[in-house]
Amino acid sequence: MKYTLVIFLLGLCSFLNGQASSQSSATLLIDSSMLYLNSDAMYRRPFMGNNNLPVSIGGYMDANTSYGATNGSKTGIGFAMPDLTLFLSTRINKRASFLTEVAYASVTGKVQLRHAAIDARLHRLINVRTGLILNPIGAFNQNHDAPNYDFVDRPIAATTIIPAIFSNVGVGLFGKTGNSNWVLGYEAYLTNGFNDKIIDNTLGRTCLQEGVSSFENFSGKPMFTGKIALRNRYAGELGVSYLSGVYTEHDAPTTGKVAVLAVDYSGKFLRNRLLIKGEIAKVSVDIPTTYIQTYGNQQMGGFVDIIGTIAQTSIWGFDHARINIGVRLEYADYNQSKFEETQGIIFEHSRAVVPCISFRPNTKSVIKFNYKYQEQVDFLGNPPLKTGSFQLGFSSYF
Amino acid sequence: MKYTLVIFLLGLCSFLNGQASSQSSATLLIDSSMLYLNSDAMYRRPFMGNNNLPVSIGGYMDANTSYGATNGSKTGIGFAMPDLTLFLSTRINKRASFLTEVAYASVTGKVQLRHAAIDARLHRLINVRTGLILNPIGAFNQNHDAPNYDFVDRPIAATTIIPAIFSNVGVGLFGKTGNSNWVLGYEAYLTNGFNDKIIDNTLGRTCLQEGVSSFENFSGKPMFTGKIALRNRYAGELGVSYLSGVYTEHDAPTTGKVAVLAVDYSGKFLRNRLLIKGEIAKVSVDIPTTYIQTYGNQQMGGFVDIIGTIAQTSIWGFDHARINIGVRLEYADYNQSKFEETQGIIFEHSRAVVPCISFRPNTKSVIKFNYKYQEQVDFLGNPPLKTGSFQLGFSSYF
Amino acid sequence: MTKFSVFIAIVLTFWCFFSCKEILPKGLDDDQILDGTVEGLTEAELIQFERGDEAFREVFVKETGLGPSFVTASCISCHAGDGKGHPFTTLTRFGQPDELGNQFMHLGGPQLQNRSLPGYEPEIIPLGATFAKFTPPANTGLGYLEYVSDADILAMADPNDDDKDNISGEPNYGHIPDYLTKKPDAIPKNDKYILRFGKKAAAYNLLHQTANAYNQDMGITSSYESIDAFTLKEIEPEITVNKLNDVVFYLETLKAPIQRNTNDPIIQNGLMVFKEIGCEKCHKQTLKTGKAPIDVLSEKEFHPYTDLLLHDMGSGLDDGYTEASAKTYEWRTPPLWGLGLSSDSQGGAYYLMHDGRARSIEAAILLHGGEALFTKTKYESLSESEKAALITFLNSL
Amino acid sequence: MTKFSVFIAIVLTFWCFFSCKEILPKGLDDDQILDGTVEGLTEAELIQFERGDEAFREVFVKETGLGPSFVTASCISCHAGDGKGHPFTTLTRFGQPDELGNQFMHLGGPQLQNRSLPGYEPEIIPLGATFAKFTPPANTGLGYLEYVSDADILAMADPNDDDKDNISGEPNYGHIPDYLTKKPDAIPKNDKYILRFGKKAAAYNLLHQTANAYNQDMGITSSYESIDAFTLKEIEPEITVNKLNDVVFYLETLKAPIQRNTNDPIIQNGLMVFKEIGCEKCHKQTLKTGKAPIDVLSEKEFHPYTDLLLHDMGSGLDDGYTEASAKTYEWRTPPLWGLGLSSDSQGGAYYLMHDGRARSIEAAILLHGGEALFTKTKYESLSESEKAALITFLNSL
């Protein structure tokens, strides 16, 4: 681990002012007039060659502050930086490219890999993707960058019903076909899946996110994720996605099935001045009948964002600055079962309404002001926990 | 985690000389003749655009070795690499830019974010900075790069009285005004602050560094940091900075106030052949009266570096190589209180003198040879711990 | 620039929207909720209360010791909002109809762990055992009940019905485990001590109750109750004594429920009916604590509507199951305080009496038999308005 | 190139500067400091000593179990450089004037935890308790003192002053906790054992002393002393027995202080005066260890200047506080070795006698009363040069 970084950083060192010349920098230390030794290997990696293909680097930052109260108990003001990510993409050859997204987890101080895959094109309809893949279940997971949203928080259902960011090591195919008015695409992957933290977690409810096991697969059975999406230039995009897998305990024969069906839609109208975006997901998880009923075997949730541009103008030298207002409506029901004892429904749900005003100086950056009102109902359906908070956020690609 | 970094770093490698073409790479998989789908989102991030503005990457490395003795007990020779950092900066648009500094913490093996903020200019006097901000308290914290100093160790007071590297998530303003002879600048930020490790730490003394809580704020009260600096072309720069906040325990009502006042100065004379640089800081921390008196409520410390260039010449092909000699005088008093029981003063201080010789082949790199003599006195004022050590260090930007 | 005015208009619209709602939601008033501390705790006590509250909410998992067989995975899931529980977490205890002690300890008694981790079988009631179902009680005001002196309890007892009022309450006496400290004012009888907590008053104090609940409800062993409920073998503690003590302190310092609308004449009338028809003979309105180690609980008067004694409740409530000296048909008078808020922790419905079989306050009254038969009969003969006043009074508790 | 010669000149200047100082600072000589090991430890013993040294320096925090009420947060803060302590860490013990055992254990006795974590109240002395203040003693040579045989101690005792020299030292006898192993050569009396460590000799051995100090000084429980000093409840151990044993081993193997300038005729004269006026009747120059489990401490002669016995020190030093069989006016003869180095651990000043009230060696002598009154009077009648020689001798210890 240490070595990794040392080597990495040393390598990067030379980067600082070596950009002008595409002549590779560090190779000056390798005397090509002599034979190479094994010890020259580190300077002879392909990336130092002169004809290396271009690389792009970017990322985004997301910072916010909030003030609110839950059932009368006020939270003070604190600042958070939930997201700082770095992208890197490179073309490997004329048929393949590499793309990765790395995030800095500010609380643990660890670097978290969100996506790192190589895509290779065999045909427009047949592309192979391998590596750590963002599973295409719903739409948010693949399109989660904070600067794309006018809301400070991620959607509840897209993070607690469907996991986000949800990626697993595996392999699969994708492709699309269409014309300038219609396009039809598909994705189909086999990846690692879930461990039994789905139901063995301290939340006291079924939670796919808790059981994500990206880099190891205890069950020996791959998880399938697939999506079909259809887009019309005027009507927007409709996606249907499906996940099917098992969850399992390490070192135990017990496994249960997991399935997710999600439908997502997004469309822009009125010359891009009105955006409607939403998704809905239904989760089924096999729970042993002897386990606790608070861990439900059916979950459902979704959200819809409606954003309108109320002003598009030139401000502070930004030619296409926009002011948007909008609202998000969201709902997540973590347990759709009934109590065995009473046949009464199990509640355990959450709903929120989030009006927003945002300022977008350009397409890369957004300043967001939200008010979020949320009600959480426990599994018995007792009087809800009500939270109201004002949120001010800033997200920008860089 | 391992995989994360390996893949990420390997990926970044290819970056080395790929700048020549701003033509973006991986977009070959996005067929622009068709409509885009949600699944294309990862390939449609702005950084892949053709007109992406350039990214700069750099960093510095700092490595050293030392040999010395403390009260007769000799330390052997060991090598250390206290600092290996990476900078990345990019212009987001004509009014905003992003800058980050990441350091590899060699002891923990973690990547530590030191600074990651977006600066946006509204006016020369009004710039907004948001993200993880280096708090402007004293001068060293914002100007800590090892290659800028002729001493192997960081100043005692600038790391143990004022925290360093001290950064917190928050937001604030900065700006400056002036002409070619005078400039006046200010900075003012609200950020997260401290937790109660300030006084609940295993050092047995008040220590702001121990209580830094960059990414979370338990108190609900933001911390203010502000600085005013005035610079004259001939007389140098004088800064006055102030910090005001609270420290708090997680989940507890107890909070105490923290305040820091610091004054810093730096000036160059005799055609840049003489450098004088120093800062002094005074810390006040509310300590419960029932707590241990070794945790003092007043601290004070400072340092002054005096560096003279004794030779400026051409050596080994470096046209402007310099040889400097200098000395650092430093002092830190961790407890300025008196014992309740005796009204005698509480000592707990440290002082050091550090003569140095350094060789600077160019402005980016420096080889440092120091002798450091330090005396540490315990809180009772018993005979001091005396340490003498020879230190050889190398620091360089890359 | 008209756009700016549009913007302002929108902002105002927003503001209207906000002003229609609780922008920063307030909590319910103190008399509307069961949780919250007794007044006058020191800062150190508040810190311990918070720690206990957090431990009370902890959801156990495999890794932290849950099960492998259990009733539920957290304290809070049985006592939502510190109130009464729901049939979902109603637990089952099994044993025998005599008072010679539980004969099924070697078969996993007294409590049925009816759920289990994947891969494990839950417990089943052994052949020949009798059983009863117990709905989780509310937690509030328990500290007051803990420190009622034995002498006061005995003063309310009348085992031979010497006063000939048909009411013959008596305390439950039992042996108590070594880890419990005897109360300084304890009045034991033949080495047995007066027990007071639980449906059949089988627990000596809140530490006893809590250590048992961790062990029998969640399969979490402590150094106090170290026998694993599944394997019946002694294993390492799965929670610390510190945490257990914090939870006990939390339970001790939860406030007493606060009666609402005490000046309402209907409610005052209801209280009169309550006393007139004899409810208050067992559901004693006022008790007081003796000396308590927690200052704010020491020598305080309070209104729990219980006498902490066992009473014959008749054959309708006889489940054939005993605990300590309690007979099959004997149940401890449950405190009525907080009754009106029960449905806020039972999902909007009522599940009353020991096993939750009564779906309304009136249904609960009508289930009273045995010593309470006379009072129940009196209730039935009340006028509708008197009945309504009584129910309104009970709802105000 | 003249610049190069400038460079050389500068380097030489530097070198001059260096040579004026201790470039690589030497430590003080072994006889100038208290820390360091007894000679002849095996490598394994040295490793354990180092571990103990590290544990001795550990500063406890909330997370590692400090408090919530305590006197200080680390061993080292009371015993800087293994020497005597400062009024800042002088501790207070409270109790009663009779020898029937501490009557205030249920109120947090015997020791006052006068500091606390934020949010907690420190302890206060309960009404009706008497108290004494104890300055932390030096740690050096404790291993030797631990292994003096009971028989040797009893041989020095003379409770009824049979030899009519006014000195009537007697050991402190007390019950000892179960976790202590009795010494093989112990000579108990009525189930009570000879205690020897502490101002009133209330600790049986270094394990007893250390387990108590962790518990009472820092609020750190161990499996030996498991009652939390704040809540007075049994809680989980906050340090391991391993670490406790390491600290005990560290204390056992700290070297005995080394006398300085033993050949100085003034010092030799001072020793003669010391013996002549009777100081040595209690402050015995030479003791020997019995069989010890640590080889290098076994059957060794050493010079601590104590008899480990209790003596009546007169009403001036009577604090009205007792421990075990020690009366209010009785104090254990403190070893005088290391006396001359005391101020190096007390911040350059002297704080002598049990509570640090004597600000010089002479002041300490003059505070002697009771059995020592006769000797003190003799001291007062010495010539100035004899007094000076005595003080010089004491300073050489």
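Chain letters run A, B, ... following the sequence lines, proteins first and then strands; every chain starts at 1. Since the model is a prediction, treat every value here as computed from it, not as a measurement.
- Side chains of B:Tyr291 and D:Arg115 form no contact here, defined as non-hydrogen atoms less than 4.5 Å apart.
- Looking at B:Thr342, the atoms closer than 4.5 Å to chain D (heavy atoms on both sides) all sit in the side chain, from C-beta outward.
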Next on the checklist: Checking D:Phe88 against B:Thr294 for the side chain to side chain contact (heavy atoms under 4.5 Å, CB included) test, could you report, in this order, the C-alpha distance in whole Å, the side-chain angles of both residues, the deciding distance, and whether it holds?
Outcome noted: CA-CA 9 Å; D:Phe88 154 68; B:Thr294 50; 3.7 Å; yes

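- Contacts between B:Asp196 and chain D at a heavy-atom distance below 4.5 Å involve the side chain alone, from C-beta outward.
- In plain terms, the two heavy atoms of B:Tyr295 and D:Val59 that are nearest each other are OH-CG1, 3.6 Å.
- Counting all heavy atoms, side chain and backbone alike, D:Pro25 lies closest to B:Ala69 at CD-O, 3.5 Å.
- Only the backbone of B:Thr387 comes within less than 4.5 Å of a heavy atom in chain D; its side chain stays farther off.
- At a threshold of 4.5 Å between non-hydrogen side-chain atoms, the residues D:Phe70 and B:Ile292 count as touching.
- Residue D:Glu43 places its CD atom among 12 or fewer non-hydrogen atoms of other residues, nucleotides or ligands, all under 6.0 Å distant.
- At least one donor-acceptor pair under 3.5 Å links the side chain of B:Asp200 to the backbone N or O of D:Lys62.
- The part of B:Phe379 that comes within reach of chain D is its side chain, from C-beta onward, which places non-hydrogen atoms under 4.5 angstrom from that chain.
- For the pair D:Lys133/B:Glu341, no side-chain contact is recorded, criterion being any heavy-atom separation below 4.5 Å from C-beta on.
- Closest non-hydrogen pair, D:Ala80 versus B:Asp378, comes out as CB-OD2, 4.0 Å.
- Within 6.0 Å of the CD atom in D:Gln32, the count of heavy atoms belonging to other residues, nucleotides or ligands exceeds 12.
- Using a 4.5 Å cut-off on side-chain heavy atoms (C-beta onward), D:Leu24 and B:Phe390 make contact.
- With D:Val61 as the partner, the side-chain contact (heavy atoms from CB on, under 4.5 Å) test is satisfied by one option alone out of B:Leu203, B:Ile199, B:Thr202: B:Thr202.
- Ring geometry for D:His86 against B:Phe339 counts as tilted: the plane angle lies between 30° and 60°, on a 0 to 90° scale.
- Each of D:Ser74, D:Ser345, D:Ser77, D:Ala73 has some count of heavy-atom pairs under 4.5 Å with chain B, and the biggest count is that of D:Ser345.
- Counting non-hydrogen atoms of neighbouring residues, nucleotides and ligands closer than 6.0 angstrom, the CZ atom of D:Phe131 reaches no more than 12 such neighbours.
- In this structure, B:Asn382 CG and D:Ile33 CD1 are separated by 13.0 Å, a value rounded to the nearest 0.5 Å.
- The part of D:Gln346 that comes within reach of chain B is its backbone (N, CA, C, O), which places non-hydrogen atoms under 4.5 angstrom from that chain.
- Residue-environment remark: CD1 (D:Ile124) stays at or below the threshold of 12 foreign heavy atoms within 6.0 Å.
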